[in-house]
Amino acid sequence: MNEIKTPKKPIIFYYVIALLVLMLINFWLIPYMLQTQVKEVDYGMFMSMIEEKDIGRVEIQDNKILFTDKEDSKVYKTGVMNDPELTMRLYRSGAKFASQIIEPTSPFLSFLLTWILPLLIFFGIGQYMTKRMMKNVGGGNSMMFNMGKSNAKVYVKSSNGIRFSDVAGEDEAKENLTEIVEYLHNPGKYKEIGASMPKGILLVGPPGTGKTMLAKAVAGEANVPFFSMSGSEFVEMFVGMGASKVRDLFKQAKEKAPCIVFIDEIDAIGKKRDGQFGGNDEREQTLNQLLTEMDGFEGNNGVIILAATNRPESLDPALLRPGRFDRRVPVELPDLKGREEILKVHAKKIKLGQDVDFTKIARMASGASGAELANIVNEAALHAVRDGKGYATQADLEESIEVVIAGYQKKNAILTDKEKLIVSYHEIGHALVAAKQTHSAPVQKITIVPRTSGALGYTMQVEEGNHYLMTKEEIENKIATFTGGRAAEEIVFGSVTTGASNDIEQATKLARAMITRYGMSDDFDMVAMETVSNQYLGGDTSLACSAQVQAKIDEQVIALVKSQHEKAIQILTDNRSKLDELANFLYERETITGEEFMEILER
Ligand code: ADP
């Protein structure tokens with residue numbers, strides 16, 4: 001899609017044009033209009049006109065002769081010759097001798113033309129320019145003119161617009177939106193039955209899952225204009241400006257219907273109105289205006305509003321009621337197949353080697369969003385360029401996953417030998433505990449190359465397929481795996497380090513969720529002690545229980561993690577020789593693949 005922008009000319013351009021026009025009027029047009037038209041002819045012609053008695057009036061001046069024809073319709077001019085007989089001949093031809101053939105213009109008319117006309121023209125140009133400026137400042141020339149205009153980005157239909165085929169995965173969302181495309185193509189079919197399209201559709205999902213892309217794809221498929229604006233752009237410094245922007249946006253959209261209006265991050269204006277003292281008046285007015293506008297147009301007028309948010313729970317209920325955003329399309333993180341497809345879509349843009357295995361990459365990048373996958377592919381291409389290769393290989397892609405997950409390799413982070421050994425044992429501890437518990441996913445790769453994210457090493461686990469449910473045992477095993485690193489340090493070195501802080505956080509989070517949200521503790525049965533308040537943005541939770549229960553929850557969390565920690569210690573003690581062997585291998589090589597790991601383990 002192409003964005004339309006009005007080309008902006010500097011203001012001086014308009015002033016120069018105005019000045020030129022004025023000069024033209026004053027020095028050419030007005031004298032021209034005031035002057036009677038005089039035609040210059042040669043003396044011969046004058047003489048022949050006398051012969052033919054075709055002269056009306058004549059005036060002989062010192063250096064020229066002015067005369068008219070018989071009908072007095074034209075004035076001629078010619079030079080003076082030494083012609084003593086002239087007066088007689090003229091007399092005989094019946095010409096009248098006049099004293100002033102060209103009459104001076106009336107002073108009133110000349111005043112009108114030289115003073116009033118330019119003023120009027122100047123005023124007209126001024127008016128025109130002000131209008132233009134008001135129109136143009138949508139692009140942001142001047143702060144004062146700019147307020148209250150929607151300055152939405154407008155994209156027109158074009159052959160290279162985004163299509164559904166560019167959005168990989170997300171089949172459910174696409175299916176849902178296909179209906180809209182169908183409607184925009186053929187509204188008559190729907191009107192006939194009396195069905196009306198939803199006015200608004202809310203795309204909800206985590207960041208980077210392709211919500212904006214989907215909205216653009218709807219416009220691209222339906223071949224209609226696409227207005228795009230972010231929720232935060234509506235909110236201005238002055239109360240009422242946002243509302244006027246909303247009005248302007250809808251006015252523009254109705255003129256261009258059928259079209260798609262896309263409001264990104266709608267939670268910026270659509271947050272629940274709480275009516276507290278000192279609330280955000282400007283935001284509330286903007287929201288009210290949006291509600292009014294959405295009520296104001298008919299469902300079948302061809303304007304479809306798509307909005308995106310990753311905080312649907314914070315939206316005002318009035319916005320979500322039928323007749324406004326009555327349809328909600330979830331745009332979730334891609335599953336394994338979706339990730340593979342997204343990788344393939346983006347891989348088309350870069351040159352790839354023969355050895356690339358998309359399924360494997362998709363497996364490794366579990367939990368990555370579409371935007372992250374796009375980033376992974378691009379990082380791989382950059383990596384290939386850095387290495388002076390003409391194309392990206394599987395190794396580049398794998399490295400870029402690590403870059404996206406853990407940051408770049410730290411080139412000059414020097415670990416002491418002791419530290420390196422501790423990190424080796426720590427990472428092998430995780431992997432060994434994972435591998436020894438049958439339900440845990442196998443290890444893909446372990447490395448102890450320090451990364452810019454601060455990780456001194458990490459174990460990359462790989463899910464074989466898509467997991468939608470997790471059993472209690474699986475979660476417990478996961479907790480045990482998190483504690484495996486610290487357990488190995490304890491067994492081998494008899495002391496502990498700070499390296500386990502992230503593991504501790506993750507293990508606690510899981511244990512807590514088991515007890516407060518998944519109903520996996522004996523005491524609380526199926527009562528939710530915590531609710532998730534921010535599903536798509538990190539999943540923050542808020543407690544919903546009494547202080548006594550909180551204390552109990554804490555106790556149980558501690559007991560749960562402790563028991564899994566003990567289980568991990570047990571597993572590692574039972575496999576002490578493998579632990580040493582693997583840790584030393586990792587210490588030597590710094591990186592160990594899943595196959596190498598399993599090979600040593602099963603030896
Ligand atoms: P959102 O609006 O959900 O935050 P965007 O639509 O802006 O995400 O996506 C950001 C980028 O991520 C896109 O430009 C695209 O390159 C990539 N992307 C995300 N999801 C997909 C997908 N399903 N297929 C292809 N590319 C995707």
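Quick note: numbers below take in every heavy atom, side chains included, and nothing from hydrogens, waters or symmetry partners. Along the sequence shown, residues are numbered consecutively beginning with 1. Each ligand, and each atom within it, is numbered from 1 in the order the structure gives. Just so we're clear, the structure is a prediction, and the values are computed from it rather than from any experiment.
For a threshold of 3.5 Å applied to N or O pairs, the pair formed by G208 and ligand 1 contains at least one separation below that value. Polar contact check, G210 against ligand 1: a nitrogen or oxygen pair lies under 3.5 Å apart. The shortest N or O to N or O distance between M213 and ligand 1 is below 3.5 Å. Polar contact with ligand 1: absent for D264 (N/O pair, distance under 3.5 Å). For ligand 1, none of its N or O atoms has an N or O atom of E170 under 3.5 Å away.
Contacts between T209 and ligand 1 below 4.0 angstrom, taking non-hydrogen atoms only, involve backbone and side chain alike. Of all the heavy atoms of V331, none lies under 4.0 Å from any atom of ligand 1, so neither backbone nor side chain is involved.
With respect to atom 7 (O) of ligand 1, the closest heavy atom belonging to the protein is T212 OG1, 3.5 Å. Among protein heavy atoms, the minimum distance from atom 12 (O) of ligand 1 is reached at A371 CA, 3.1 Å.
When all heavy atoms of K199 and M294 are compared, the pair lying nearest together is NZ-O, 2.8 Å.
Taken to the nearest 0.5 Å, the OG atom of S165 stands 6.5 Å off from the CD atom of E221. Distance check, rounded to the nearest 0.5 Å: CG of L291 to OG1 of T286 gives 10.5 Å.
By the 4.0 Å heavy-atom criterion, H346 is counted among the residues contacting ligand 1.
Listed by number with element, the atoms of ligand 1 under 4.0 angstrom from any heavy atom of D166 are 24 (N), 25 (C).
In this structure, T593 and K445 have side chains that are not in contact, with every pair of non-hydrogen atoms separated by 4.5 Å or more. D171 has its side chain within reach of K337: a pair of non-hydrogen atoms, C-beta onward, lies under 4.5 Å apart.
No salt bridge links E340 with R363; every basic N to acidic carboxylate O contact stays at or beyond 4.0 Å. Ion pairing between a basic and an acidic side chain is recognised when a charged N comes within 4.0 Å of a carboxylate O; R321 and D295 show such pairing.
Comparing A374, A168, G370 by heavy-atom distance to atom 24 (N) of ligand 1, the nearest is A168.
At a cut-off of 3.5 Å, with distance as the only test, a side-chain donor of T393 or D396 sits close to an acceptor on the other residue.
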